[in-house]
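Working notes, structure below.
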Amino acid sequence: MPVFRWGQSWDPLLDLEREVDRLLQGMNLTLQGRSSRRFPLINLLDGEDCFLLTAEIPGVTLEDLELTAANGVLTLKGVRKAPPEAQTESFRRQERFQGDWSRSVHLPDRIDEDGMKAEYSAGVLRVILPKVAGSVARSIPVTEGSD
Amino acid sequence: MSDSNQNMRPAAPEIQTTSESVAGSEPRMLFNPPIDIYETNDGLVLYADLPGVTTEGLELQVQDNRLALFGRVRNDQDGRAMLHEEYKVGDFLRSFILSDEVDHEHISARLNNGVLRVELPRTQRTEPRKIQVSTE
């Protein structure tokens with residue numbers, strides 16, 4: 001969603017507008033930005049035969065990561081531990097999320113829960129959610145009433 | 001918390017529009033990664049969240065008194081329709097001003113599961129040395 005609009009843009013301004021918008025989105029000025037305390041951030045994409053969920057969860061060990069799907073809701077749960085040997089009073093800066101977290105996502109369509117696959121690398125979780133084989137539209141015959 | 005008296009502080013944000021965008025390709029987003037900095041007995045420890053960055057895509061540089069980190073993220077979300085978007089895929093850039101108390105020669109770093117840990121040891125304080133004064 002654009003965060004910057006010039007109003008009635010004419011063509012030469014459109015590039016500038018786009019550029020400024022991109023800059024603003026890159027800075028953490030908007031609610032959409034990475035400053036939001038929501039953790040982890042999730043994207044959901046629609047592939048041909050599956051949905052792809054990606055989540056930015058840097059620094060989680062697999063034992064602390066839980067993934068469940070039921071009734072069209074996918075739930076991610078986990079813990080992000082504080083850095084070792086760090087005491088609260090020794091922090092100069094503390095911007096990274098820590099503690100328990102949990103996110104639930106409503107899946108937009110029926111998925112094959114047995115066919116779900118997930119992988120975690122470089123702090124990004126990718127979950128492949130296969131769609132249930134396309135249900136064929138069933139045509140309902142309409143008969144003319146007798147009266 | 002004042003920045004003036006710290007051994008290390010984030011440098012003023014740099015306005016940089018793109019990270020060497022290849023001609024014709026989409027301009028890339030650039031983000032300021034969240035960080036933690038804390039003190040230990042040996043010096044300072046810096047953590048930065050860099051999801052999607054691998055060691056090949058990470059550049060960490062110390063020049064003069066500036067520590068700069070740049071993490072490149074490969075966008076593998078192309079070609080699919082976005083249904084729900086909370087984050088954009090982009091590269092990470094942040095730089096810090098180091099004080100003289102940090103031993104620039106012995107900075108070490110590790111990248112694990114998208115989290116960078118940088119150790120910034122304190123320079124050994126030199127003992128005051130007595131200078132003998134003699135008369136001729």
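Every heavy atom of this structure was used, including side-chain atoms; hydrogens, water molecules and symmetry mates were not. Reminder, nothing fancy here: chain letters follow the sequence lines and each chain counts from 1.
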> With only heavy atoms counted, which part of A:Ser121 is less than 4.5 Å from chain B, the side chain, the backbone, both or neither?
Replying inline: neither
>> Grouping I, L, V, M, F, W and Y whenever their side-chain heavy atoms are under 4.5 Å apart, do A:Ile128 and A:Leu74 come out in a common cluster?
In response: no
> So which heavy atom on A:Arg80 is nearest to which on B:Asp49, and how close?
Replying inline: NH2-OD2, 2.8 Å
>> Is B:Leu50 in contact with chain A via its backbone, its side chain, both, or neither, using a 4.5 Å heavy-atom distance?
In response: backbone
> What distance separates B:Tyr47 OH from A:Gln94 CD, expressed to the nearest 0.5 Å?
Replying inline: 12.0 Å
>> Go through it in stages, so that I can follow the logic: the residues are B:Met82 and A:Leu44, the test is side chain to side chain contact (heavy atoms under 4.5 Å, CB included), and I'd like the CA-CA distance, side-chain angles, deciding distance and then a yes or no.
In response: CA-CA 6 Å; B:Met82 187 66 77; A:Leu44 186 64; over 6 Å; no
>> Let me check something: do B:Phe31 and B:Leu58 share a hydrophobic cluster, defined by ILVMFWY side-chain heavy atoms less than 4.5 Å apart, either directly or through other members?
In response: yes
> When hydrophobic residues are tied together by side-chain contacts of less than 4.5 Å, even through go-betweens, does B:Val62 share a cluster with B:Leu44?
Replying inline: yes
> Do you reckon A:Met116 sits in the same ILVMFWY cluster as A:Ile42, going by side-chain contacts under 4.5 Å, direct or chained?
Replying inline: yes
> Among B:Gly57, B:Pro33, B:Gly52, which has the most heavy-atom pairs under 4.5 Å with chain A?
Replying inline: B:Gly52
> To the nearest 0.5 Å, how far apart are CG in B:Leu83 and CG in A:Leu107?
Replying inline: 10.5 Å
>> Membership question, hydrophobic clusters at under 4.5 Å side-chain separation (ILVMFWY): are A:Leu45 and A:Leu76 in the same one?
In response: no
>> Quick check: closest heavy atoms across B:Gly114 and A:Pro58, and the distance to 0.1 Å?
In response: O-CB, 3.5 Å
> Is there a donor-acceptor contact under 3.5 Å from the side chain of A:Glu95 to the main chain of B:Asp36?
Replying inline: no
>> Report which part of A:Val105 has an atom under 4.5 Å of a heavy atom belonging to chain B: side chain, backbone, both, or neither.
In response: neither
>> Please report the interatomic distance OG(A:Ser90) to CG(B:Asn41), rounded to the nearest 0.5 Å.
In response: 9.5 Å
> Can you tell me how far CG of A:Asp46 sits from NE2 of B:His84, rounded to the nearest 0.5 angstrom?
Replying inline: 14.0 Å
> Side chains of B:Glu85 and A:Asn43: is there a donor and an acceptor less than 3.5 Å apart?
Replying inline: no
> In terms of heavy-atom proximity below 4.5 Å to chain B, should A:Leu53 be classed as side chain, backbone, both, or neither?
Replying inline: neither
> So, for A:Ala122 and B:Thr54, which heavy atoms are closest and what is the spacing to 0.1 Å?
Replying inline: CB-CG2, 4.0 Å
> If you look at every heavy atom in A:Ala55 and B:Tyr87, which pair is closest and at what distance?
Replying inline: N-OH, 4.1 Å
